[in-house]
Amino acid sequence: MSDLNPQQMAIVNHLDGPALVIAGAGSGKTRVIIHRAARLIERGVDPAAILLMTFTNKAAEEMGSRLEGLLAGRGVRGRVLTGTFHSVANRFLRRYAPLAGYQNNFSILDDSDSRDMLKAAMTGVVREKDKRFPTAAVVQDLVSLAFNRQINLAQLVERDFDWLQEFLPELLVVEKEYRRKKKANNAMDFDDLLGNWRDLLEKNPHLEMAAGLRYLMVDEYQDTNLAQGEIVQLLGRDQKNLMVVGDDAQSIYSWRGAHVENILEFPQRFGAAVYRLEENYRSTPDILELANCSIAHNQARLEKSLRAVAPAGEPPHIMHLYDQSEEAEWVISRISAYQDQDIPLGDMGVLYRNHAQSIELQMRLSERGIPFVVRSGVKFFEQAHIKDVLAFLKVVFNPLDEISWLRILKMLPGIGNVSAAKIYGVFRRQQAIRISTSNEALQKVIPAKAKDQWSSLARCLKEMLADGVTPAQMIGLAHSLFYRDHLLLTFDNPREREEDLQHLARFAEKHRSLEGFLGRLALVGGTVIRDHEEQESPDEDHLTLTTIHQAKGLEWRVVFMLGLVEGQFPHSRCLDSPERLEEERRLFYVAVTRAKRHLEITVPQFNVTYGQWKVCRPSRFVEELPPGVAQVTRGESLENALLPDSESAGFSFDF
């Protein structure tokens with residue numbers, strides 16, 4: 001207890017009754033949860049009457065280990081129930097499965113199993129002659145997202161997936177068949193674990209296992225969805241000894257179903273005591289002042305003001321630059337300067353709203369031999385949709401590029417590995433790429449389902465091959481004339497992927513020759529550390545590049561934030577929605593509070609897409625900061641900058 005500050009001590013000593021702990025970034029909330037559980041056990045509470053829930057298996061394991069260490073020798077490990085929502089749901093349902101209409105030995109479908117069962121459900125609904133239908137992965141995402149938002153599939157499609165409206169009757173039949181198959185197979189997917197647990201608690205309020213739980217603590221409560229919020233309410237309805245811990249200012253996952261109102265409305269809903277953890281053990285006062293000033297602009301929030309334990313440091317730095325090229329060069333120069341101060345690459349993170357914003361920087365880092373890792377797995381140029389579109393450019397440059405041809409051909413309905421190989425075999429035998437309908441040998445090996453889209457492919461390649469077409473224009477043509485339909489029906493986030501393609505075209509704008517563009521792309525990857533290599537060589541010093549969503553829970557001594565301009569951050573899709581705009585500001589708050597000692601924010605003033613230059617307005621998150629909260633600098637090239645002459649490429653995406 002001597003390690004706790006007064007705010008933490010008060011929470012640990014709250015033994016009975018509902019409570020909300022508003023835990024600011026870097027405030028030691030996990031320590032509070034563990035110490036409170038230990039305090040309850042010291043006061044005679046049976047460890048088996050305590051439930052600690054969080055969102056990841058790693059966090060749950062850490063809770064159990066730290067509690068055992070705190071109460072060494074008392075044999076609490078395995079007696080206090082700790083786990084994720086899904087793992088605890090599984091324990092309940094194993095005991096009471098018949099009450100939920102299942103046998104106790106029910107199977108749990110992982111993502112792959114779920115997709116396979118959806119494919120089976122689609123078999124009898126999607127006719128073999130149908131040329132177009134969303135993939136099982138897209139349908140899986142729709143069904144899960146509808147559950148997490150607690151709306152039906154028709155409402156979801158109407159609100160957020162309007163391009164799938166034509167398939168809605170079949171989608172509803174597939175969803176019904178998927179549910180029937182799961183029940184017939186005595187199987188549940190991850191969403192069923194939550195839904196069935198909630199229904200079980202609602203219909204059977206006096207279950208022995210639930211009644212035995214007297215003290216419930218939930219971490220990261222701001223990330224709970226509607227079903228999880230209802231589960232917490234049902235578990236705490238009798239004993240009322242319910243404590244939830246979280247930070248509404250870090251609620252950034254509404255797009256996957258998180259319901260920020262769960263935490264905002266908790267005090268009124270439960271008549272709960274409210275505690276605040278405001279002492280921050282991570283960042284300097286200068287960084288926290290900027291974070292506090294920014295989040296104060298949100299209307300829907302719980303009052304809180306972070307205070308630093310660390311001594312004062314350098315003020316955050318906002319750098320206005322000419323464009324993304326200068327932004328990348330400036331970041332690299334600052335990285336070098338920090339290395340000269342003996343700060344290793346591993347203590348630096350580069351954060352951005354969208355992975356596509358890091359294209360230029362990834363390229364420059366590769367060219368300079370600076371090792372880096374991109375969090376969340378797939379690097380920008382390795383993403384499926386980027387490789388798909390680049391395959392079009394590669395066959396234009398090298399018509400006998402077999403790998404690229406096979407990738408393109410398999411996008412057509414009815415064409416798999418065998419058919420694609422036969423089509424490419426015709427090209428090789430004829431020593432030419434004759435794709436017109438007059439090529440009888442080719443027409444014999446093209447499946448009937450692919451005939452209609454073959455003409456779209458032919459038209460697309462013909463326009464890409466026209467004289468004077470630039471690489472940026474080729475990307476746009478490939479997207480609009482052929483790839484867009486494939487994108488909409490194949491991926492669960494097509495709008496974000498379309499934006500990636502727009503960023504790719506923007507990057508290609510500075511290359512007038514296809515040879516030069518593809519040659520430069522070939523340089524990417526030489527100095528990128530793959531995820532498995534990072535695990536094998538944990539001591540390897542490397543820079544981290546990550547989206548802000550993936551950075552939550554992490555920290556660096558130096559943080560760079562790229563691209564603070566309107567439409568990019570905050571995102572353009574959020575500008576007309578007050579709720580989404582406030583979540584974007586919370587995302588900015590999360591990014592700022594990842595920095596321990598140094599925060600560098602960049603604001604590029606110009607960008608170019610398809611030859612059209614435009615002036616970027618600085619992000620409102622920068623403009624709304626009060627004077628003096630950050631050092632503001634303008635790059636030399638901006639002092640007398642004029643908008644460059646536009647060289648119109650005559651093409652733009654239809655978003």
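Computed from a prediction, not measured in an experiment: that's the story for all the values here.
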Derivation and outcome, side-chain contact (heavy atoms from CB on, under 4.5 Å), residues Leu488 and Phe161:
CA-CA 9 Å; Leu488 292 175; Phe161 297 85; over 6 Å; no
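The two atoms that bring Leu194 and Phe147 nearest to each other are CB-CZ, 4.0 Å, heavy atoms only. In terms of heavy-atom proximity, Leu193 sits nearest to His86 at CD1-O, 4.0 Å. The nearest pair of heavy atoms linking Val80 to Leu67 is CG2-CD2, 3.8 Å. Of all the heavy atoms in Val88 and Trp197, the pair that sits closest is CG1-CH2, 3.6 Å. Of all the heavy atoms in Leu575 and Pro570, the pair that sits closest is CD2-CG, 3.7 Å. Closest heavy-atom contact between Val395 and Asp401: CG1-O, 4.2 Å.
Around NZ of Lys394, the count of heavy atoms belonging to other residues, nucleotides or ligands within 6.0 Å does not exceed 12. Residue Asn57 qualifies as open at atom CG: its count of foreign heavy atoms under 6.0 Å is 12 or below. In Arg115, the CZ atom is crowded: over 12 heavy atoms of neighbouring residues, nucleotides or ligands sit closer than 6.0 Å. Crowding of Glu158 atom CD: a count of heavy atoms from other residues, nucleotides or ligands under 6.0 Å not exceeding 12. Heavy atoms of other residues, nucleotides or ligands lying less than 6.0 angstrom from CG of Asp576 number 12 at most.
Of the N and O atoms on the side chains of Asp388 and Tyr483, at least one donor lies less than 3.5 Å from an acceptor on the other residue. Side-chain polar atoms of Asp247 and Gln250 form a donor-acceptor pair below 3.5 angstrom. In this structure, a donor-acceptor pair under 3.5 Å is absent between the side chains of His571 and Glu584.
At least one donor-acceptor pair under 3.5 Å links the side chain of Ser455 to the backbone N or O of Asp452. Checked by atom type and distance alone, the side chain of Ser251 never pairs as donor or acceptor with a backbone atom of Asp248 at under 3.5 Å. A side-chain donor-acceptor contact under 3.5 Å links Gln357 to the backbone of Asn354. Looking at Asp141, its side chain never comes within 3.5 Å of a backbone N or O of Val138 through a donor-acceptor pair. The backbone N or O of Asn225 lies less than 3.5 Å from a partner atom in the side chain of Asn262, making a donor-acceptor pair. Judged by distance alone, with hydrogens and angles left aside, the side-chain atoms of Ser65 form a donor-acceptor pair with the main-chain N or O of Glu61 at under 3.5 Å.
Checked for salt-bridge contact, Glu583 and Arg586 meet the test: a charged N lies under 4.0 Å from a carboxylate O. Ion pair Arg198/Glu202 not flagged as a salt bridge, since none of the NZ, NE, NH1 or NH2 atoms sits closer than 4.0 Å to an Asp/Glu carboxylate oxygen. A salt bridge is absent between Glu62 and Lys58; no separation between the charged side-chain nitrogens and carboxylate oxygens falls under 4.0 Å. The residues Glu496 and Arg573 are annotated as salt-bridged, a charged nitrogen and a carboxylate oxygen being separated by less than 4.0 angstrom. Salt-bridge annotation for Glu582 and Arg585: absent, with no side-chain N of the basic residue lying under 4.0 Å from a carboxylate O of the acidic one. Using a cutoff of 4.0 Å between basic side-chain nitrogens and carboxylate oxygens, Lys552 and Glu220 are scored as salt-bridged.
In this structure, Arg237 forms no cation-pi arrangement with Phe270, as its terminal cationic atom is not both closer than 6.0 Å to the ring centre and no more than 45° off the ring axis.
The aromatic rings of Phe55 and Phe85 sit tilted, their planes meeting at an angle between 30° and 60°. By the 30° and 60° cut-offs, the orientation of the rings of Phe482 relative to Phe392 is tilted. Ring geometry for Phe266 versus Tyr221: interplanar angle over 60°, hence perpendicular rather than tilted (30 to 60°).
Atom CD1 of residue Ile33 and atom CG of residue Asp219 lie 3.5 Å apart, to the nearest 0.5 angstrom.
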